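Remarks on the structure that follows.
Only heavy atoms go into these numbers, but all of them, side chains included; no hydrogens, no water, no symmetry mates. Worth saying up front: this structure is predicted, and the values here are computed from it rather than measured. Just so it is clear: chains get the letters A, B, ... in the order the sequence lines come, proteins before strands, and each one is counted from 1.
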Amino acid sequence: MPDRGVSLPRRFYDRPVVEVARDLVGCTLHHRSAAGVIVETEAYHESEPACHAYVGLTPRTGVLFGPPGRAYVYRSYGIHALVNAVTEPEGVGAAVLIRALEPVAGIAEMRARRGRESLRELCSGPGKLTVALGIGLGHNDAPLSGGPLRIAPRAGAWREVEVLAGPRIGITRALELRWRFAAAGSRFLSRPLRGVARSEPLRRR
DNA sequence: CATGGGATTGACT
DNA sequence: GTCAATCCCATGC
């Protein structure tokens with residue numbers, strides 16, 4: 001089956017990173033024949049010190065300052081590859097970290113790549129989901145539309161997903177920002193959301 | 001050029 | 001709950 005599905009348009013990403021992070025929950029991340037619904041994200045922006053782009057334009061952060069709608073993939077703790085969606089206009093360093101998926105396609109290959117059976121644990125973390133989907137550092141700067149790596153808009157029941165916000169995980173700076181977003185009631189999160197607050201009703205315009 | 005610190009995970013006490 | 005694995009890169013001397 002050819003990989004010829006719908007992708008979010010580039011303009012979806014050309015917006016404030018916090019809005020994009022919230023709106024990506026319920027969308028589906030595809031890589032070739034594997035896919036999962038995004039149930040958890042975090043926003044990162046050059047203006048706050050938890051963001052890699054905080055240090056400015058360097059060899060590492062170049063993609064973050066590039067055009068929106070591309071993937072920023074980096075190595076974490078020397079071991080894991082973490083995938084982000086670059087947002088905001090070119091010249092602004094910002095991206096949405098994809099933290100967890102609910103597997104929906106290619107589950108057998110995910111289990112093989114992860115070496116685990118539990119559906120809940122296949123993509124319940126940013127380092128897990130890249131392994132499950134076969135995403136690696138070679139995907140850095142790859143487009144998120146029109147290619148083997150893509151994100152499709154909300155569909156079906158996911159169009160009415162309730163998105164909750166809380167503090168980000170695993171960081172040591174800018175802890176006060178509630179820039180983690182998760183699908184309410186999802187069993188596929190990397191960790192439960194604490195300090196639950198509704199976010200979807202904040203949607204403007 | 002040496003050093004320190006991670007947007008994590010899985011195994012173990 | 002604790003902890004090691006592992007490596008790129010930003011920083012500072």
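Nearest to the side chain of A:P126, among B:dG6, B:dG10, B:dT9, sits B:dT9.
Here B:dG5 presents its P atom at 11 Å from CZ of A:R173, a figure rounded to the nearest Å. In this structure, CD1 of A:I169 is placed 13 Å from P of B:dA7, rounded to the nearest angstrom. A straight line from OH of A:Y72 to C1' of C:dC8 spans 10 Å, rounded to a whole angstrom. In this structure, the OH atom of A:Y77 is 5 Å from the P atom of B:dT8, given to the nearest Å. Between A:L82 atom CG and B:dG6 atom P there is a gap of 15 Å when expressed in whole angstrom units. Separating the CZ atom of A:R75 from the C1' atom of C:dA10 is a distance of 17 Å, rounded to the nearest angstrom. Taking atom NE2 on A:H80 and atom P on C:dA4, their separation rounds to 16 Å, with Å as the unit. With rounding to whole Å, A:K128 atom NZ is found 15 Å from B:dA7 atom C1'.
In this structure, A:R191 places its CZ atom where only 12 or fewer heavy-atom neighbours from other residues, nucleotides or ligands lie under 6.0 Å away.
Residues from residues 39-55 of chain A placing a heavy atom under 4.0 Å of any atom in DNA chain C, listed by number, are A:V55.
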> Pairing of DNA chain B as dot-bracket, 5' to 3': ( ) intra-strand, [ ] crossing, | other strand, . unpaired, with Watson-Crick or G-U pairs under 3.5 Å?
Replying inline: ||||||.|||||.
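One side chain, A:Y72 or A:H52, offers a donor N or O that lies under 3.5 Å from an acceptor on the other.
The side chain to side chain contact (heavy atoms under 4.5 Å, CB included) test with A:L8 is passed by exactly one of A:D23, A:T28, A:L24: A:L24.
The CD atom of A:E40 lies 8.5 Å from the CG atom of A:L97; values are rounded to the nearest 0.5 Å. Rounded to the nearest 0.5 angstrom, A:R113 CZ and A:L133 CG are separated by 6.5 Å.
Side-chain atoms of A:R180 do not come within 3.5 Å of backbone N or O of A:G166 as any donor-acceptor pair.
Both tests hold for A:R168 against A:Y44: distance to the six-membered ring centre under 6.0 Å, angle to the ring axis within 45°.
The minimum heavy-atom distance linking A:A95 with A:T87 is given by the pair N-OG1, 4.0 Å.
Using a 4.0 Å heavy-atom distance criterion, A:L97 is classed as a base contact. Within 4.0 Å (heavy atoms only), A:R114 reaches sugar-phosphate atoms of the nucleic acid but no base atom. Using a 4.0 Å heavy-atom cutoff across all strands shown, A:R168 reaches no nucleic acid atom at all.
For B:dT8, the OP1/OP2 oxygens have no side-chain nitrogen or oxygen of A:R191 closer than 4.0 Å. Side-chain nitrogen and oxygen atoms of A:T58 include at least one within less than 4.0 Å of the OP1 or OP2 phosphate oxygen of C:dA10.
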In a table with atom names and distances, give each donor-acceptor pair under 3.5 Å that connects a side chain of residues 119-127 of chain A to protein atoms at least two apart or in another chain.
from: A:S124; atom 1: OG; to: A:R120; atom 2: O; distance (Å): 3.2
from: A:S124; atom 1: OG; to: A:K128; atom 2: NZ; distance (Å): 3.2

